[in-house]
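We count ligands from 1, going down the list as the structure has it; atoms in each ligand are counted the same way.
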Amino acid sequence: MSNRRDFLKKSSLLGLVGLTSNLISNNQLNAIESLGNQAQTNDAFTLTKLPYSYGALEPYFDKQTMEIHYTKHHQGYVDKLNALKSTNIDYASTDEIKCTHIDKSTAVAVRNNLGGHFNHTLFWTLLKPNPLGIANKPIGKLNNAINANFKTFDEFKIEFSDKALKLFGSGWCWLIVNDKGVLKIVTTPNQDNPLMQLGDERGKLILGLDVWEHAYYLKHQNKRKDYIEAWWNIINWDGCEELFSK
Ligand code: MN
């Protein structure tokens, strides 16, 4: 097993070399789908490949933060999940389905580390390089839905940023489609997400922002507002549109 894990880690690192931003639209959801495939064939969780290099999101997300976030924080959730092998995890289902089964009775270590692994895997796919600083806005059906629900993209942006900024402590801010088909901006503490049977608002995930300090402290220190502002430039709206249309 350890040989296999070493091989997978090396493969992941090799995959970071030479990928360019034009591959993202093809690869954006493969990472998530591969989690499901992996779960069906292998009981060990592995870190999924980033679709860009650590420095590719500069100047918005810095290289050092990306490397530590991915190789230490995300890897940490994966390692802890694998250490929980005796716990009752249904390995036959996708990680998305595993998340929907989490409720208040779930072991805290499973909830935190499965959430951490799933949330980060999604987060990486919903980022894309924007080295030229081109205006970055939602597209297609999602763009129409955002305008219908929030009047304008700018109003949506203000509301999302405000909720992300005001979330106390560590957690995530999300755009979801709830069970009535309505777009909602919700926050969850720690590594919870709105797929889990925990909060008042549950639904399909369209967009997520990690507001743990580990995501921004090196570059932005305590200024979460600056980190949120930077993030709007590198959202992968093609990936959000795909999730929304699914
Ligand atoms: Mn994180």
Checklist line | Tyr60 and Trp232 aromatic centres sub-6.0 Å | finding: no
Check: Is Arg202 salt-bridged to Asp179, going by a charged N under 4.0 Å from an acidic O?
Finding: no
Notebook entry, point to check: Could Glu229 and Lys225 be called an ion pair, given the rule that one side-chain N must be under 4.0 Å from one carboxylate O?
Noted result: no
Margin query: Are His214 and His69 an aromatic pair, judged by ring center distance below 6.0 Å?
Written below: yes
Margin query: Distance check, rounded to the nearest 0.5 Å: Thr121 atom OG1 versus Lys49 atom NZ?
Written below: 14.0 Å
Item checked: Listed protein N/O/S atoms, distance to the Mn ion (ligand 1) under 2.8 Å -> His69 NE2, His120 NE2, Asp210 OD2, His214 NE2
Next item on the list: Keeping to residues at least two apart or across chains, list the side chain to side chain donor-acceptor pair (under 3.5 Å) pairs with something in residues 135-157.
Entry: none
